[in-house]
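The next block holds one structure in the form of structure tokens; read it before the comments.
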Amino acid sequence: MSPDIINSLASNGLSPSGIFSGNPYFSAGFGLIGVGAVLAVLRQGSRKAAAFTRRQLLVTLEIPSKDKSYQWILAWLSDQQKLKSSSKKRIFSKIIQNATKPRHLAVQTTFKQHDNGSVAANFSFVPGPGKHLFNFNNRWIQVDRVRETKMLDLTNGAPWETITLTTLNKDRDIFNTILYNAQKKAIEQQKGKTVIYTSVGPEWRPFGPPRKKRVLSSVVLDNNISEDILSDVKDFIKNGKWYEERGIPYRRGYMLYGPPGTGKTSFIQALAGELGYNICILNLGERGHTDDRLNHLLTVAPERSIVLLEDIDAAFNKHRDRSDPNSVHLSMVTFSGLLNALDGVSSAEERITFMTTNHIDRLDSALIRPGRVDYKVYLGNATKFQTATMFNRFYPESPSLAAEFAEKTEGHQISPAQLQGHFVRFKTSAEMAIENFNLLTAKQDI
Ligand SMILES: Nc1ncnc2c1ncn2[C@@H]1O[C@H](COP(=O)(O)OP(=O)(O)OP(=O)(O)O)[C@@H](O)[C@H]1O
Ligand SMILES: *[C@@H]1O[C@H](CO)[C@@H](O)[C@H](O)[C@H]1NC(C)=O
Ligand SMILES: *[C@@H]1O[C@H](CO)[C@@H](O)[C@H](O)[C@H]1NC(C)=O
Ligand SMILES: *[C@@H]1O[C@H](CO)[C@@H](O)[C@H](O)[C@H]1NC(C)=O
Ligand SMILES: *[C@@H]1O[C@H](CO)[C@@H](O)[C@H](O)[C@H]1NC(C)=O
Ligand SMILES: *[C@@H]1O[C@H](CO)[C@@H](O)[C@H](O)[C@H]1NC(C)=O
Ligand SMILES: [Mg+2]
């Protein structure tokens, strides 16, 4: 007699000994075979019935880790967990909740730097791999997080995952609500922040958490340079139709050039914040880049973003001699590849590109011709106006000293970055900053 049958009998609430004693057929052994056969049929039948019901009554939503909404859903699920444990509920639902609480959690740590420099870490628990049940708007939803063990996501080395949400067919509209809520939460978190994207393989990935916006007025440029660029970009953004009607590619390229530490990078960051745009940093020297990939990346850049190419002169000049064994140059991007990606037949239609360089004279004229670079601005060492304005920003309580300080810079070449360093050093006293002015000029002789 197979133990399997006894088990199934026992689980049906029948004790085997009770059946054996009263029924003569069982002693002959027929009974067992019969019961076994019936049970087998029933079991198979119920399995089929279950599969049928699942098909008819349940609806599932699969979210692969490649999809954008994947992280949103995870964060949202983690939030649901937090809401639950805090809310007061009747004892019955508490017990159910106890039973359905995920037993397998995964941790997600976020860091946040305070303005005073101290770092705080927050842990949030997200459902780990496995099946979890949770209740949302009084409807039950099963979350199944599956980790693919054999396949790695080559772009970031993490295992492929899928989250499958299952709920009753009649509740299928809840998926929309969930996705919408998760997306809303994710977007709210980015509000007032700038997301920096970098290229990972053939796609763009957020680099670190969204940054706080930098105020445009914190980057002090000479005269009206800042306002002029801002109005030019704004003008470009709202004139899509104009470009379309004239059959011109809807692209605009900007070039900021000048000595180091004059605010090129900072200005672009602040401008993106002002416009509510994100920044896509394209590193031409990255290994594995090819002309095709460069073109692809520029085509698939996230919406409402500025493509930033930093130190464009270094990308091709420093390592131009590829036969030099000392030059570690694994990027396969060619100069003509860049030219075509920026303004060629197959280049992307809608784009704002910013380039920075310290040496515009080293750039090929093909790169900075209109169409690739439509707007060139020189950001130079601090003028008197910039010096005084920066002084006022750092010492708002002593405006009368700004002119005196600016006067001292006469005849010296000082970059805004140096000024910033000086003011940070003497941040408590404007008088000290003036007294120690000679440190500022001495430093640059080193
Ligand atoms: N015009 C400016 N107004 C205010 N701060 C500035 C200005 N220029 C530079 N700084 C400060 O100096 C630092 C360096 O600036 P930034 O990185 O923008 O320089 P950069 O022009 O991009 O230099 P590089 O050519 O070396 O990349 C930043 O911390 C920034 O706050
Ligand atoms: C929930 O489970 C925890 C431990 O698993 C137990 O201490 C607690 O009493 C349970 N709560 C309810 C309401 O059952
Ligand atoms: C950490 O969590 C607390 C409370 O949930 C929240 O107030 C705080 O802003 C969070 N900090 C970070 C770094 O996310
Ligand atoms: C920094 O600021 C945070 C909150 O703003 C505070 O909790 C922390 O104690 C501060 N750290 C220091 C070293 O002042
Ligand atoms: C800057 O712009 C303002 C107003 O648009 C104007 O009054 C001022 O003269 C400009 N300054 C310079 C130096 O161009
Ligand atoms: C700007 O200032 C730096 C540092 O003081 C100096 O080395 C450089 O030559 C100056 N550049 C120009 C164009 O004046
Ligand atoms: Mg820079």
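Predicted, not measured: the structure shown is a model, and the values here were computed from it. What you see below is based on every heavy atom in this structure, not just the backbone, and it leaves out hydrogens, waters and symmetry mates. Just so you know, ligand 1 is whichever comes first in the structure, and atom 1 is the first atom listed for that ligand.
Asp235 and Asn239 share a side-chain donor-acceptor pair at under 3.5 Å. A donor-acceptor contact closer than 3.5 angstrom is absent between the side chains of Asn381 and Ser415. Residues Asp232 and Tyr254 bring a donor and an acceptor atom of their side chains to less than 3.5 Å of each other.
Heavy-atom contacts of Arg214 reach the following atoms of ligand 1: 5 (N), 30 (C), 31 (O) (cutoff under 4.0 Å). Interface of Leu221 with ligand 1, defined as ligand atoms under 4.0 Å from a residue heavy atom, comprises 1 (N). Shown in contact with Gln418 at under 4.0 Å from a heavy atom are these atoms of ligand 6, numbered in order with element: 4 (C), 5 (O). Atom numbering of ligand 1 starts at 1 in the shown order; those under 4.0 Å from a heavy atom of Val220 are 1 (N), 2 (C), 3 (N), 4 (C). Which parts of ligand 1 touch Asn358 is read off a 4.0 Å heavy-atom cut-off, strictly below it: atoms 25 (O). Proximity to Tyr378 (heavy-atom distance under 4.0 Å) selects the following atoms of ligand 6: 13 (C).
With hydrogens and angles disregarded, a donor-acceptor distance shorter than 3.5 Å links the side chain of Tyr250 to the backbone of Ile237. A distance-only check finds no donor-acceptor pair linking the side chain of Thr409 to the backbone of His412 [under 3.5 Å]. The backbone N or O of Tyr395 lies less than 3.5 Å from no partner atom in the side chain of Lys427, so there is not a single donor-acceptor pair.
Nearest protein heavy-atom contact of atom 13 (C) of ligand 1 is Ala417 CB, 4.0 Å. For atom 15 (O) of ligand 1, the closest heavy atom belonging to the protein is Ser266 OG, 3.4 Å. With respect to atom 31 (O) of ligand 1, the closest heavy atom belonging to the protein is Gln420 OE1, 2.5 Å. Looking only at heavy atoms of the protein, atom 6 (C) of ligand 1 is closest to Pro416 CB, 4.0 Å. The protein heavy atom nearest to atom 27 (O) of ligand 1 is Thr265 OG1, 3.8 Å. Protein heavy atom nearest atom 23 (O) of ligand 1, with residue, atom name and distance: Gly261 N, 2.9 Å.
For His359, the closest heavy-atom approach to ligand 1 does not fall below 4.0 Å. At least one heavy atom of Ser218 sits less than 4.0 Å from an atom of ligand 1.
Between Lys264 and Asp311 there is no salt bridge, since no side-chain N of the basic residue sits under 4.0 Å from a carboxylate O of the acidic one. Taking a cutoff of 4.0 Å between a charged side-chain nitrogen and a carboxylate oxygen, Glu245 and Lys241 qualify as a salt bridge. Between Glu203 and Arg205 a salt bridge is recorded (basic side-chain N to carboxylate O distance below 4.0 Å).
Checked by distance only, ligand 1 and Pro259 stay at 3.5 Å or farther apart across all their nitrogen or oxygen atoms. Looking at ligand 1, you won't find any N or O of Asp311 less than 3.5 Å from one of its N or O atoms. The N/O atoms of Pro260, backbone and side chain alike, include none that comes under 3.5 Å of an N/O atom in ligand 1. Close N/O approach between Ser415 and ligand 6 is not found [any backbone or side-chain N/O within under 3.5 Å].
Under 4.0 Å from ligand 1, not a single heavy atom of Gln418 appears.
Below 30°, between 30° and 60°, or above 60°: for Tyr243 and Phe236 the angle between ring planes is above 60°, a perpendicular geometry.
Counting non-hydrogen atoms of neighbouring residues, nucleotides and ligands closer than 6.0 angstrom, the NZ atom of Lys184 reaches no more than 12 such neighbours.
Each of Leu61, Thr167, Leu77 was evaluated against Ile141; a single residue qualifies, Thr167, per the side-chain contact (heavy atoms from CB on, under 4.5 Å) test.
Put simply, Thr265 gets within reach of the Mg ion (ligand 7), with an N, O or S atom under 2.8 Å from it.
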